[in-house]
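All remarks here apply to the structure that follows.
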Amino acid sequence: MKHYTSIQDIKNLDELVQEAIELKKAPFEHKHLGENKTLGMIFYNPSLRTRLSTQRAGFNLGMNVIVMNIGSDGWALEFEDGAVMNEGKAEHIKEAAEVISQYCDIIAIRTFPELKDRELDYSEPVISAFKKYATKPIVSMESATGHPLQALADLITIEEHKIVAKPKVVLTWAPHPRTLPQAVPNSFVEYMKNSNKVDLVVTCPEGYELNPEVMEGVTVEHNQQKAFEGADFIYAKNWSSYENYGQAGDVDYSWIVDEAKMKNTNNGKFMHCLPVRRNVVVADDVMDNKERNITIAEANNRTYSAQVVLKNILENS
Ligand code: AN0
Ligand code: CP
């Protein structure tokens, strides 16, 4: 593996999931791989899980880890080629990416979308620029349009918790007071679609359909109750409209996931990438039900999704 910024960087998804599950049994077995190697983690946005689990993954592999909140602590970066930099931006990405590359052997980046210009966000301006100007492998820790470390952890979690060979996995849109990215659901759909081990259904209100390219070949059911019938896993996430890009719109709070809805499933497990707003996205009666709620185990797998990715990159370099 050279970079890890999307599912395209994975040769065989189901094999990578198995490798992560193996690695989880003996997480310190590859400590030699990261010896004298440095992982640089660059954050434009807040994080709890990604920050701690990716750092932990680096440590498990024997790496040194440097973390920087570049959005608040670094110089404001210019991304435009040929820009006359006489305003707010103090440093160009061309220098910054090359400089960081000298200090780090792998560069991981978190960069959310602005949610103003769809075309711009979907061109992945920050990740693409780092890929272009850095001389070291780039890992996405959630970019404008994808969260590939999360989706890999989700697939590992489903593999571990399933009780039927090919479970029905339902991605449901859920209410949220803020305008959120499509990154998590985009990657979730891509990974579920590319695994041979799950059947995916997406349910969302009209107008909240994801990017048609991502959704190609995926079943959409606008009736949430119908979608939940027979589901083995319910994966809840809010996302803002792709069609009316960046617009808040009216939030239908009736889409909350609660125990009454979960009763319609096949004794389904509840998943969410976290952080989650209780009693908005999901009710306490689901979150506090230890049989249903597997979000803590899911978050634990963030360490192993990051570790299997870093391991593959280290082995390749
Ligand atoms: C972010 C999102 O929806 O992309 C991060 C999720 C891991 N969530 C929030 O901003 C609440
Ligand atoms: N799921 C996830 O990426 O969480 P953080 O935003 O806390 O890193």
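Just follow the structure's listing: the first ligand is 1, and inside any ligand the first atom is 1. Nothing fancy with the numbering, it's 1 onward along the sequence.
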Query raised in the report: Would you find more than 12 non-hydrogen atoms of other residues, nucleotides or ligands less than 6.0 Å from K226 atom NZ?
Result: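 At most 12 heavy atoms, drawn from other residues, nucleotides or ligands, come within 6.0 Å of this atom.
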
Query - D73 CG: over 12 foreign heavy atoms closer than 6.0 Å - result: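 Correct, the count exceeds 12.
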
Report task. Run through R110, R51, R49 and flag the one making a salt bridge (Lys or Arg N to Asp or Glu O under 4.0 Å) with E142. Result ->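 Considering R110, R51, R49, a salt bridge (Lys or Arg N to Asp or Glu O under 4.0 Å) with E142 is found only for R110.
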
Query raised in the report: Hey, is ligand 2 close enough to P275 that some N/O pair sits below 3.5 Å?
Result: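 Checking ligand 2 against P275, no N or O pair falls under 3.5 Å apart.
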
Query - ligand 2 N/O within reach of E142 N/O, cut-off under 3.5 Å - result: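 Between E142 and ligand 2, no N or O pair is found under 3.5 Å apart.
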
Which of the numbered atoms in ligand 2 are under 4.0 angstrom from any heavy atom belonging to [X]?
X: H147; answer: 2 (C), 3 (O)
X: L274; answer: 1 (N), 2 (C), 4 (O)
X: L48; answer: 5 (P), 7 (O), 8 (O)
X: C273; answer: 1 (N)
X: R302; answer: 1 (N), 2 (C), 3 (O)

Requested in this report: Identify, for atom 4 (O) of ligand 2, the protein heavy atom at the shortest distance, and state residue, atom and that distance.
Outcome: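 Protein heavy atom with the smallest distance to atom 4 (O) of ligand 2: R49 NE, 2.9 Å.
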
Query raised in the report: Looking only at protein heavy atoms, which one is nearest to atom 9 (C) of ligand 1, and how far off is it?
Result: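 Going atom by atom, the protein heavy atom closest to atom 9 (C) of ligand 1 ends up being L180 CD2, 3.8 Å.
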
Query raised in the report: Between K263 and D258, is there a salt bridge with N-O shorter than 4.0 Å?
Result: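 Between K263 and D258 there is no salt bridge, as every charged N stays at least 4.0 Å from the carboxylate O atoms.
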
**Report entry** E259 and R292 ion-paired at < 4.0 Å
**Finding:**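 Salt bridge: yes.
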
Query - E142 N/O to ligand 1 N/O under 3.5 Å - result: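 Yes; at least one N/O pair falls below 3.5 Å.
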
Query raised in the report: Under 4.0 Å from ligand 1, counting heavy atoms only, is it the side chain of K237, its backbone, both or neither?
Result: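 For K237, the contact with ligand 1 is made by the side chain alone.
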
Query raised in the report: Is the Y235-F188 ring centre distance short of 6.0 angstrom?
Result: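 Ring centres of F188 and Y235 closer than 6.0 Å.
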
Requested in this report: Would you confirm whether the ring centroid of F28 sits within less than 6.0 angstrom of the ring centroid of F59?
Outcome: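 Not close enough - the centres of the two rings lie 6.0 Å or further apart.
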
Query raised in the report: Where the closest heavy atom to atom 6 (O) of ligand 2 is concerned, which of R51, R110, E298 has it?
Result: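 It is R110 that holds the nearest heavy atom.
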
Query raised in the report: So do M215 and V220 actually touch side chain to side chain, heavy atoms under 4.5 Å?
Result: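 V220 reaches M215 side chain to side chain.
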
Query raised in the report: Quick one: does L274 get within less than 4.0 Å of ligand 1, heavy atoms only?
Result: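 Yes, that is the case, since the closest heavy atom of the residue is under 4.0 Å from the ligand.
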
**Report entry** Sub-4.0 Å heavy-atom contact, A183 with ligand 1
**Finding:**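 Flag not set, A183 not near ligand 1.
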
Query - Which atom of L61 lies closest to which atom of K311, heavy atoms considered - result: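 Looks like CD1-N, 3.7 Å.
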
